[in-house]
Structures are given as C-alpha cells and as structure tokens.
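Bear in mind that the values here come from a model prediction, so they are computed numbers and not experimental data. In what follows, every heavy atom counts, from backbone to side chain, and hydrogens, waters and symmetry copies are set aside.
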Amino acid sequence: MELNQYSIVLVNLDPTIGGEIKKTRPCVIVSPNEMNKYLKTIVLAPMTTNLKPYPTRVEVRHNGKKGMVAIDQIRTVDKTRLVKVFDLLTKTEIKKCKQVLKETFVD
C-alpha cells in the first residue's frame, strides 16, 4: 500500500485517552513521502465532521461531505492501524493545510 503525503486514509485510532479524537475515521497523512516509505509509522491529522471554525482546523470535502482536518490533533501511529487508502486532498486543501501547519508549529 503506497502512502503519500496529503492522502486521506481510514485509521483505527483506538485506544485513546482523554480529549484525543477516537474511533476509526478518515485522517490526512502529513508526514513526507520519504518517511512514509521507510518507517513503520506515519504522522497524520484526524478528520472530524465537527465544523467549528478553530484556527487549527482546515475545511475539506471527502466522500461528498464537509469535514475538518484537525491539525491540533496530529499524532504518529503504526501503519498496522491503517484500514484503507482513499484519495488525495485537492491542491487548495493541501495549500491551506501547509499554511495552518506552518502557523501552528513554526515560530
């Protein structure tokens, strides 16, 4: 299974603790392709249908539904948690994700 940066993948995030996003849900891969190819883990941001406009959330469309990429919930998971690979974000969605990642993590 080829895992590309900014692909949407279905991931089993359980077990979780406290305020972490739970369940098996779509997530966006944010780790670079070089890491995705060689490591047993990937870095991803879960998606949610909660459309509250937090500054660390990016609005996207997937499967005909509106959702948000939760940049504030980024985590590293083992590849065995992946259930399925969907399609890539659009170029506009990728650009917005990069902008929010930079604003959030680069000072």
Side-chain angles (χ1 to χ4, degrees):
M1 155 177 6
E2 190 173 338
L3 302 173
N4 293 307
Q5 188 176 38
Y6 301 112
S7 289
I8 300 171
V9 292
L10 189 63
V11 182
N12 177 359
L13 298 174
D14 291 327
T16 57
I17 297 174
E20 298 170 349
I21 290 182
K22 305 168 182 27
K23 304 190 300 186
T24 298
R25 65 175 60 238
C27 298
V28 174
I29 297 174
V30 295
S31 49
N33 292 337
E34 189 77 7
M35 286 175 58
N36 300 335
K37 184 176 180 180
Y38 294 107
L39 298 180
K40 293 181 180 182
T41 56
I42 57 168
V43 181
L44 49 82
M47 293 174 64
T48 179
T49 54
N50 179 339
L51 299 178
K52 292 181 183 172
Y54 298 126
T56 56
R57 305 280 168 104
V58 177
E59 189 173 322
V60 296
R61 282 196 157 287
H62 171 63
N63 258 359
K65 297 179 186 176
K66 282 186 180 180
M68 302 287 265
V69 179
I71 301 296
D72 54 290
Q73 289 274 341
I74 286 178
R75 66 188 76 181
T76 301
V77 299
D78 192 274
K79 289 178 181 176
T80 59
R81 288 183 176 267
L82 272 67
V83 177
K84 184 177 181 180
V85 178
F86 296 114
D87 43 354
L88 281 170
L89 295 179
T90 66
K91 288 182 182 183
T92 303
E93 292 167 342
I94 290 170
K95 184 177 179 180
K96 182 65 176 166
C97 279
K98 286 180 179 183
Q99 178 184 349
V100 173
L101 282 161
K102 184 176 180 182
E103 288 172 2
T104 303
F105 296 108
V106 179
D107 55 356

For residues 87-107, the ring pair (Phe, Tyr, Trp, His ring centres under 6.0 Å) pairs (sequence neighbours left out) are none
Would you please name every residue forming a side chain to side chain contact (heavy atoms under 4.5 Å, CB included) with K40, sequence neighbours left out? D78
Residue set satisfying side chain to side chain contact (heavy atoms under 4.5 Å, CB included) with S31, at least two apart, ordered chain then number -> I29, M35, N36, I42, V43
Going by side chain to side chain donor-acceptor pair (under 3.5 Å), name the residues that satisfy it together with S7, two or more places apart in sequence or in a different chain. none
If I take atom CD1 from residue I74 and atom CG from residue L44, how far apart are they, to the nearest 0.5 angstrom? 8.5 Å
Spatial distance of atom OG1 (T90) from atom OH (Y6) [nearest 0.5 Å]: 12.0 Å
Show me the donor-acceptor pairs, under 3.5 Å and distance only, between side chains in residues 58-67 and residues at least two apart or in other chains.
from : atom 1 : to  : atom 2 : distance (Å)
R61  : NH1    : G64 : O      : 3.4

Would you say that L13 contacts E20 through its side chain, given a criterion of any heavy-atom pair below 4.5 Å between the two side chains? no
Under the salt bridge (charged side-chain N to carboxylate O under 4.0 Å, His left out) test, which residues partner R81, sequence neighbours left out? none
Let me check something: do L89 and F86 share a hydrophobic cluster, defined by ILVMFWY side-chain heavy atoms less than 4.5 Å apart, either directly or through other members? yes
Enumerate the residue pairs fulfilling ring pair (Phe, Tyr, Trp, His ring centres under 6.0 Å) with a member in residues 39-61, sequence neighbours excluded, ordered by first and then second residue. none
More than 12 heavy atoms of other residues, nucleotides or ligands under 6.0 Å from NZ of K98: yes or no? no
Please tell me whether I21 and L82 are part of a single hydrophobic cluster in this structure, the criterion being side-chain heavy atoms less than 4.5 Å apart. yes
Quick one: side chain to side chain contact (heavy atoms under 4.5 Å, CB included) partners of Y38, sequence neighbours excluded? E34
Taking R25 for the side chain and M47 for the main chain, is one N or O donor matched with an acceptor at less than 3.5 Å? yes
The complete set of side chain to side chain donor-acceptor pair (under 3.5 Å) pairs with one or both residues in residues 8-17, sequence neighbours excluded, reads none
T49: side chain to side chain donor-acceptor pair (under 3.5 Å) partners, not counting sequence neighbours: none
Identify, with sequence neighbours excluded, every residue that meets side chain to side chain contact (heavy atoms under 4.5 Å, CB included) alongside K95. none
Using side chain to side chain donor-acceptor pair (under 3.5 Å) as the criterion, list what pairs up with N50, not counting sequence neighbours. none
Find out if a path of hydrophobic residues (ILVMFWY) with successive side-chain heavy-atom gaps under 4.5 Å connects I8 to L101. yes
